[in-house]
Amino acid sequence: MTPTMTRGRLRRSKGHISVRVAHTLLGATAGVVWLVLPMMTTGTEATVPAVGATPVAVAQEVPEEETSTADLVLPLIAAGAASGLAAYAYLRRTRRRHAPAPPGRAAAGPSAAPPASGAEERSARSLVTADDCVRTSREELDFARGGLEAGPEVRTEEAVPGTAPAGPDRVEPFARAVEDAEGELAAAFGIRRRYDEGVPGEPAARRHALAGIDGRCAEAGQRLDERAGEFDALRALEGEGLDPALAFAEARFRELTGRTPAAEATLVDLAERFPPTAHATVTGNVEQAKDRLVFATTRLNQARQSADLGAPGRAAAHLRAAESAIAQAGVFLDAVHGLAARLDEAHDLLPDALAEAETAQGGAVGSAGAPAGKPGSGAARLDRVLKAVREELASGLYDPVDALRRVVQAAEPLEDGRDGARALAGLLLARGAVADADAFVATHRGAVGAEARTRLAEARRLLGAGPADRLTADELARSARDLAEQDVLLHGNPAGEADLPGSGSAGAQLGGILLPGLPDTPAAFGGPDSRGRRAPDVPPA
């Protein structure tokens with residue numbers, strides 16, 4: 001590698017070539033003048049005046065011809081200088097024409113690709129938007145299916161031509177659209193994951209990868225946008241479908257309201273049986289569920305009022321916002337009960353996992369011919385982990401999921417361990433971590449960025465890949481949750497001036513229920529071009 005000082009000297013010497021040429025030309029001109037100057041004194045007979053002679057007397061003795069010769073020297077000097085400057089300017093123009101363009105200037109043309117950082121940010125926004133569209137569409141799809149089950153008699157076969165005649169089966173075309181969008185989104189996340197890992201490495205190929213992400217996300221959105229109009233016709237929320245949809249949403253609301261005390265009791269029980277770290281991921285879930293239910297209450301009432309006032313467009317928008325809030329309240333409460341179930345299952349599974357790990361430890365020591373306590377060996381690490389876990393078990397207050405994770409991780413390098421208790425433990429850990437991260441992203445998607453979602457998508461993929469990848473899935477999912485929490489902290493309080501205390505609007509914005517910049521417009525089934533098609537204050541055309 002060329003030293004910095006050397007590179008600096010090379011650049012300075014090249015930058016001053018034109019200056020040196022100009023100096024040479026000016027030097028040549030001065031030489032010409034120097035040769036011409038003797039002509040000024042040729043033929044002059046005047047001697048040097050004696051000391052004391054007056055200057056005027058000497059000046060009078062200079063012949064007239066000599067004065068005219070001296071006058072010719074000044075134009076010659078000017079001409080030489082002008083020639084030198086002209087040559088210098090010509091050299092500079094020539095160098096500029098033939099010099100290569102600066103590194104940053106070539107990319108400034110109209111057809112040049114955008115900077116990599118800008119393309120990365122655009123692809124990240126595309127991933128976030130597409131993921132939000134898929135999540136919202138699936139949530140509303142569940143309410144549409146429930147509404148059809150609750151009141152199929154109000155549906156007509158003509159609502160969606162070419163679909164099933166009646167009942168919840170009519171949502172299947174839209175379910176397939178969501179699945180297709182999920183497939184495109186999964187491919188986009190896969191490209192982004194490889195991109196973040198440095199694959200591909202060539203700049204041009206990396207630009208193509210980012211363009212591929214944008215294309216996949218656009219395709220996912222298009223699959224949903226194409227069905228948005230038909231989905232509206234299926235639900236008929238601005239007509240005969242509003243009442244059964246409202247009835248179903250209100251039934252779900254009452255169900256979740258009734259489950260809230262049970263979730264509170266579960267949290268109290270977890271706090272008594274396990275250390276705070278064991279249930280930290282669901283601390284505050286009940287309060288957030290209540291916040292979403294408060295918001296849902298307001299929007300359900302507004303939907304009823306709008307319907308009574310003959311504003312079906314507003315009623316449909318309020319209902320959609322209430323449905324999303326109800327769905328997220330359910331996610332919060334499900335996460336509490338899900339964690340409680342995992343802790344109990346881990347507690348029951350831990351003794352068998354410990355026994356299998358000890359067997360693996362004995363096999364490793366026997367095959368290596370070294371004692372278990374040998375420093376640096378896998379068996380030594382496993383021995384330390386097993387001792388620590390058994391001490392925690394004896395204390396009576398420990399985190400079963402964390403203890404199970406440490407045992408499985410320590411025993412993994414010693415043998416396959418994909419059958420029996422450790423295999424079940426790996427599946428339990430991976431499923432729990434993915435579910436936990438997914439619940440957090442779903443309920444905070446107004447603030448969660450692309451990196452957390454990308455890791456979650458990869459964890460979900462590995463979860464379905466097989467036992468060998470479950471520990472990696474668990475690690476990625478927990479990392480995704482951590483990143484998502486950081487995004488929420490950086491995002492801050494989304495409440496605006498119009499947010500009333502206790503209204504739940506801030507939580508609705510954080511959860512992505514209300515679209516950014518449109519505080520009264522809920523996200524709906526559809527892609528980027530159609531998900532904000534219904535605003536409460538703008539009746540449909």
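No hydrogens, no waters, no symmetry mates; every other heavy atom, side chains included, goes into these values.
The shortest heavy-atom contact between V407 and A357 is CG1-CB, 3.8 Å. Contact between A316 and L237 at its shortest, heavy atoms only, is CB-CB, 3.8 Å. When every heavy atom of A307 is checked against every heavy atom of A315, the shortest pair comes out as N-CB, 3.8 Å.
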Residue pair R252, D142: steps toward the salt bridge (Lys or Arg N to Asp or Glu O under 4.0 Å) verdict: CA-CA 12 Å; R252 286 286 304 275; D142 292 339; over 6 Å; no
side-chain hydrogen bond (donor to acceptor under 3.5 Å, both in side chains) assessment of D214 paired with S123: CA-CA 6 Å; D214 293 337; S123 71; 5.1 Å; no
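Between the side chain of R320 and the backbone N or O of A317 there is no donor-acceptor pair closer than 3.5 Å.
To the nearest 0.5 angstrom, D232 atom CG is 7.5 Å from E140 atom CD. Atom OG1 of T454 sits about 11.0 Å away from atom CG of L476, to the nearest 0.5 Å. Q328 CD to L333 CG: the interatomic distance, rounded to the nearest 0.5 Å, is 12.0 Å. For the atom pair R422 CZ and L354 CG, the distance stands at 11.0 Å (nearest 0.5 Å).
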Determine all donor-acceptor pairs shorter than 3.5 Å in which one atom belongs to a side chain in residues 423-445; sequence neighbours excluded.
{"unit_1": "D436", "atom_1": "OD1", "unit_2": "R481", "atom_2": "NH1", "d": "2.9"}
{"unit_1": "D436", "atom_1": "OD2", "unit_2": "R481", "atom_2": "NH1", "d": "3.1"}
{"unit_1": "D438", "atom_1": "OD1", "unit_2": "R135", "atom_2": "NH1", "d": "3.3"}
{"unit_1": "D438", "atom_1": "OD1", "unit_2": "R135", "atom_2": "NH2", "d": "3.0"}
{"unit_1": "D438", "atom_1": "OD1", "unit_2": "R460", "atom_2": "NH2", "d": "2.8"}
{"unit_1": "T443", "atom_1": "OG1", "unit_2": "A439", "atom_2": "O", "d": "2.8"}
{"unit_1": "T443", "atom_1": "OG1", "unit_2": "F440", "atom_2": "O", "d": "3.3"}
{"unit_1": "H444", "atom_1": "ND1", "unit_2": "F440", "atom_2": "O", "d": "2.9"}
{"unit_1": "H444", "atom_1": "NE2", "unit_2": "Q288", "atom_2": "OE1", "d": "3.2"}
{"unit_1": "R445", "atom_1": "NH1", "unit_2": "E139", "atom_2": "OE2", "d": "3.3"}
{"unit_1": "R445", "atom_1": "NH1", "unit_2": "A442", "atom_2": "O", "d": "2.8"}
{"unit_1": "R445", "atom_1": "NH2", "unit_2": "E139", "atom_2": "OE1", "d": "3.1"}
{"unit_1": "R445", "atom_1": "NH2", "unit_2": "E139", "atom_2": "OE2", "d": "3.3"}

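Scored by the ring-ring contact (aromatic ring centres under 6.0 Å, His included) test, F525 finds F231 as partners (sequence neighbours excluded). F248 pairs by the ring-ring contact (aromatic ring centres under 6.0 Å, His included) definition with F143, not counting sequence neighbours.
Put simply, the residue from R227, R235, E179 that forms a side-chain contact (heavy atoms from CB on, under 4.5 Å) with F174 is R227.
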